[in-house]
Number of protein chains: 2
Amino acid sequence: MKIDDINWKILKMLQENSRVALKDLAIEVGLSSPTVAERIQKMEDAGVIASYHAKVDLSKLGYLLGVYITIKIRFGQTERFEEFITTVPEISECHKLTGRDCMLLRGSVRDPKHLEDLNIRLAVYGELTTSLVLNSIMDGKTYDSHF
Amino acid sequence: MKIDDINWKILKMLQENSRVALKDLAIEVGLSSPTVAERIQKMEDAGVIASYHAKVDLSKLGYLLGVYITIKIRFGQTERFEEFITTVPEISECHKLTGRDCMLLRGSVRDPKHLEDLNIRLAVYGELTTSLVLNSIMDGKTYDSHF
DNA sequence: GCTGAAAAGTCCTATAT
DNA sequence: ATATAGGACTTTTCAGC
């Protein structure tokens with residue numbers, strides 16, 4: 001799929017505000033609305049635009065601590081763990097990484113007590129290393145060209 | 001801010017598809033469009049809804065390798081690093097974590113050669129540990145209630 | 001805080017270049 | 001592959017409950 005300058009401009013705007021009106025996109029890129037709609041459709045069909053999401057700020061709902069947890073899964077527990085982890089509400093991401101049988105988890109909890117509770121539930125499946133997020137310098141960047 | 005069952009339903013739908021029409025939200029939750037619009041506005045104002053994003057699938061653009069990199073920043077380089085890292089196109093997230101002066105980076109590259117190139121650019125600022133993403137079991141979950 | 005109707009605005013489809 | 005224009009639909013505004 002070819003992404004020209006105009007498509008990058010459209011992608012940039014949709015990444016920054018996915019609820020932007022077609023009309024405003026059209027004005028910005030200097031094309032008509034139907035043309036922009038068609039370009040978006042093609043990028044959706046090609047999977048370049050994967051989805052449109054509202055981002056919920058969990059800290060505003062009382063989940064003040066962000067955490068990353070690595071877990072070295074106990075031998076033979078991988079399948080059971082992968083099924084289990086999708087049911088844990090505190091965990092928003094789970095990536096299987098190279099190196100030392102590691103899973104990387106991202107989660108949010110209310111307070112240290114809540115974190116301890118989460119750790120206990122996870123520790124069944126392997127050895128944990130827990131780190132608090134002190135500050136997110138960047139989270140969810142807008143891509144606006146090839147690199 | 002109070003999130004009742006109806007607001008959770010709205011939040012769920014907007015997380016799953018942020019371009020959903022107000023009309024469809026209204027039908028789904030059994031309220032009129034103006035009421036739904038008002039509820040959304042209040043959640044935006046309270047910051048519970050932080051933003052609306054289109055998610056770009058970088059693998060469809062040729063960036064096939066996902067990576068997580070931890071970097072133990074060299075003494076005194078933190079400020080310079082934080083400024084620098086926002087200018088690196090391959091890196092989409094940067095979190096400062098507790099423990100061993102660690103920054104956690106998430107990135108995407110075309111191939112191993114591209115990864116080596118990225119590592120060389122980052123290694124100026126500290127010691128790296130690089131892991132490839134083998135599989136993302138979960139990435140960007142939909143929250144639909146308190147936990 | 002919610003509704004319903006009317007006004008304003010946006011989007012879609014067809015037609016044309 | 002893009003533009004224009006009309007009709008259809010959606011969103012917003014506002015009076016009333």
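Here is the naming used below: chain letters follow the sequence lines, and residue numbers restart at 1 for every chain.
A side-chain donor from one of T130(B) and N119(B) sits under 3.5 Å from a side-chain acceptor of the other. Between the side chains of H95(B) and E93(B), at least one donor N or O lies within less than 3.5 Å of an accepting N or O. Side-chain contact check for Y52(B) and E44(B): at least one donor-acceptor pair (N or O, by modelled atom type) lies under 3.5 Å. For the 3.5 Å distance criterion, the side chains of S18(B) and H53(A) fail to qualify, holding no donor opposite an acceptor.
Positionally, the nearest nucleotide of DNA chain D for L31(A) lies more toward the 5' end than for the other of V20(B) and L31(A).
When the P atom of dC12(C) is taken as reference, atom CD1 of I40(A) falls 10 Å away, rounded to whole Å. Here the P atom of nucleotide dT13(C) and the CG atom of L22(A) are 12 Å apart, to the nearest Å. As rounded to whole Å, 17 Å separates atom C1' of dT2(D) from atom CD of Q41(A). I27(A) has its CD1 atom 8 Å from the P atom of dT10(C), to the nearest Å. As rounded to whole Å, 9 Å separates atom P of dC2(C) from atom CD1 of I10(B). Rounded to whole angstrom, the span from the CD atom of E38(A) across to the P atom of dA1(D) amounts to 7 Å. Atom CZ in R19(A) sits roughly 12 Å away from atom C1' in dT10(D) (whole-Å rounding). Whole-Å rounding puts the D4(A) CG to dA1(D) P distance at 11 Å.
Counting only heavy atoms from C-beta on, P34(B) has its side chain closest to dT3(C) among dG1(C), dT3(C), dA3(D). Of the candidate nucleotides dT12(D), dA1(D), dC11(C), dA1(D) has the atom lying nearest to any side-chain atom of K42(A). Side-chain atoms of K23(A) lie closest to dC11(C) of the nucleotides dT4(D), dC11(C), dT10(D).
Counting any heavy atom pair closer than 4.0 Å across all strands shown, R39(A) reaches sugar-phosphate atoms only and no base atom.
Using a 4.0 Å cut-off between charged nitrogen and carboxylate oxygen, R121(A) and E90(A) count as a salt-bridge pair.
Taking side-chain N and O atoms only, S33(B) has no distance below 4.0 Å to OP1 or OP2 of dT12(D). Checking the phosphate oxygens (OP1, OP2) of dA1(D), no side-chain nitrogen or oxygen of T35(A) falls inside 4.0 Å.
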